[in-house]
Amino acid sequence: MRPAPPPREPVARTPLTWLYVPGDRPEVVAKALHCGADVVVVDLEDAVAPDRKDRALRATAELLSDPAPGTAPVHVRVNALDGPLAETEIRTLAALPGLAGLRLPKVQGPADIHRAAGWATTAARPAAGPALTGRLATGRRARTPGAAVAPLTTGTTHPARAARTARTARTAAPGSATATLTPAAAPAPAALPATPALYALLESALGIEHAFAIATAHPALRGIALGEADLATELGVRDEAGLAWPRSRTVVAARAAGLAPPPQSVYPDVADLDGLARSCARGRALGFLGRAAIHPRQLPVIEAAHLPSPEEVEAAAEIVRAAGAEGGAQALPDGRFVDAAVVAGARRVLSLAERRN
């Protein structure tokens with residue numbers, strides 16, 4: 001008998017569902033952590049009444065004091081960065097072991113990201129040891145076991161992300177380029193602060209105009225997304241057609257910055273699942289991947305809409321097989337032309353399809 005193959009390493013899943021829950025209702029948060037969402041977003045902003053903000057922060061801090069609060073990574077959406085609450089919220093939560101990310105609302109420009117990162121870095125525990133590599137070396141928090149969120153791309157560092165890291169390094173060490181005739185003694189290695197992953201929400205016309213600058217503002221910035229309700233109000237938009245350009249602008253900015261495709265904004269009618277499915281299909285066609293949700297019943301609809309169909313999976317598998325057999329650019333028997341970009345897209349399709357297994 002052939003020996004059994006070694007067990008496969010668990011693969012981090014690309015998140016497709018981001019479930020928002022009110023931070024002042026710990027019992028609802030506890031249920032959400034085990035309802036199947038890829039990411040649970042504890043909301044301290046719109047979902048919490050002003051007189052319950054303190055209670056929401058205390059409950060969230062208690063939850064995140066556990067390194068593994070649930071089966072899904074936990075993000076927190078803080079209050080507006082230009083308001084009186086965000087700094088305290090970020091400083092309180094940033095170092096807690098159960099936090100997987102901070103979602104920053106109403107981001108207008110790169111300065112907002114730097115301000116939030118500064119608050120988070122001040123609060124975060126120093127990363128241990130002088131020989132850090134990889135994500136910790138760029139100021140990113142190591143994830144707790146079972147809380148991994150897969151990046152969409154692998155391989156060499158994206159040029160925009162490399163430039164962003166270099167800019168931040170230069171800003172952090174303004175005097176490091178001074179020339180001397182005799183090399184100075186190397187300073188003692190210093191521990192780097194661990195900045196939690198940051199996600200920017202673009203909810204204004206100015207935020208959309210600055211989308212790429214925001215997406216490349218800081219190494220800890222891991223994603224951008226739209227907040228469509230506030231944006232539509234500011235623009236005076238009456239239907240989805242008026243949001244087509246801001247949506248495409250957000251997708252292009254994210255991909256140009258080397259970030260994962262953004263998730264769609266929430267679909268507010270939790271009873272209209274057919275409308276949600278149609279809206280998800282339109283978003284996927286624009287380049288979005290996954291969607292924020294406000295009720296667990298929306299999760300399977302969002303996931304189904306953003307997973308590839310059996311026909312897409314078979315077409316992708318054919319492309320990958322042909323690329324492995326021949327290499328280089330080539331034409332498939334049905335006339336389709338295949339090059340490296342097409343193969344990369346096919347591999348992404350197959351990676352998403354593994355969620356069905």
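The figures that follow rest on heavy atoms only: side chains count, while hydrogens, waters and symmetry mates do not. Note that the coordinates shown come from a computational prediction; the quantities given were computed from them, not determined experimentally.
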With a 4.5 Å cut-off on side-chain heavy atoms, are [Y] and [X] touching?
X: L201; Y: V107; value: no
X: L85; Y: L44; value: no
X: V251; Y: P261; value: no
X: L16; Y: L289; value: yes
X: V313; Y: L352; value: no
X: D112; Y: L104; value: no

According to a hydrophobic-cluster definition based on side-chain heavy atoms being under 4.5 Å apart (Ile, Leu, Val, Met, Phe, Trp, Tyr only), do [X] and [Y] belong together?
X: L286; Y: V252; answer: no
X: L221; Y: L206; answer: no
X: V266; Y: V301; answer: no
X: I208; Y: V237; answer: yes
X: F288; Y: L243; answer: yes

Mind listing the closest non-hydrogen atom pair of [X] and [Y] along with its distance?
X: A220; Y: T195; result: CB-CG2, 3.6 Å
X: P246; Y: L231; result: CB-CD2, 3.8 Å
X: V39; Y: P15; result: CG2-CB, 4.0 Å
X: G23; Y: V42; result: CA-CG1, 3.5 Å
X: A346; Y: V320; result: CB-CG2, 3.9 Å
X: R255; Y: A260; result: NH1-CA, 4.0 Å

Discussion item. Between Y267 and D272, is the side-chain contact (heavy atoms from CB on, under 4.5 Å) condition met? List the steps.
Written reply: CA-CA 9 Å; Y267 189 82; D272 183 13; 2.9 Å; yes

When rounded to the nearest 0.5 angstrom, what distance separates [atom1] in [X] from [atom2] in [Y]?
X: R115; Y: E87; atom1: CZ; atom2: CD; result: 9.5 Å
X: H210; Y: L202; atom1: NE2; atom2: CG; result: 11.0 Å
X: L63; Y: L96; atom1: CG; atom2: CG; result: 9.5 Å
X: R77; Y: W18; atom1: CZ; atom2: CH2; result: 13.5 Å
X: I302; Y: R297; atom1: CD1; atom2: CZ; result: 12.5 Å
X: E303; Y: C280; atom1: CD; atom2: SG; result: 11.5 Å

Determine whether a donor-acceptor pair (N or O, by modelled atom type, separation under 3.5 Å) exists between the side chain of [X] and the backbone of [Y].
X: H75; Y: V41; answer: no
X: S65; Y: E62; answer: yes
X: E89; Y: N79; answer: yes
X: K53; Y: E45; answer: yes
X: T122; Y: G118; answer: yes
X: R222; Y: A197; answer: no
X: R291; Y: S265; answer: yes
X: D38; Y: T17; answer: yes
X: T92; Y: T88; answer: yes

State which residues pass side-chain contact (heavy atoms from CB on, under 4.5 Å) with V342; sequence neighbours excluded, sorted by chain then number.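 V342: side-chain contact (heavy atoms from CB on, under 4.5 Å) contacts with I319, V338, D339.
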
With D51 via side-chain contact (heavy atoms from CB on, under 4.5 Å) - residues at least two apart:
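In terms of side-chain contact (heavy atoms from CB on, under 4.5 Å), with neighbours along the sequence ignored, D51 is linked to A49.
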
Please step through side-chain contact (heavy atoms from CB on, under 4.5 Å) for the pair V48 and D43, ending with a clear verdict. CA-CA 7 Å; V48 179; D43 191 8; 5.6 Å; no

- Task: Please lay out, stage by stage, how L276 and D269 fare under the test side-chain contact (heavy atoms from CB on, under 4.5 Å).
- Result: CA-CA 8 Å; L276 171 62; D269 189 344; over 6 Å; no

For this session: On the 0 to 90° scale, with breaks at 30° and 60°, tag the H218-H114 ring pair as parallel, tilted or perpendicular.
Result: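 It falls in the perpendicular class, over 60°.
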
Does a salt bridge link [X] with [Y], judged by any charged N lying under 4.0 Å from a carboxylate O?
X: E240; Y: R247; result: yes
X: R321; Y: E314; result: yes
X: E312; Y: R284; result: yes
X: K106; Y: D82; result: no

(Q) What verdict does the side-chain contact (heavy atoms from CB on, under 4.5 Å) test give for S351 and R348, after you've listed the backbone C-alpha separation in whole Å, the side-chain angles of each residue and the deciding distance to 0.1 Å? (A) CA-CA 5 Å; S351 177; R348 288 197 295 269; 5.5 Å; no

Residues, nucleotides or ligands: over 12 heavy atoms within 6.0 Å of E234 CD
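Yes, the 6.0 Å shell around CD holds more than 12 heavy atoms from other groups.
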
| Neighbour count >12 (heavy atoms, 6.0 Å) for atom CZ, R55 |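 Not more than 12 within 6.0 Å, no.
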
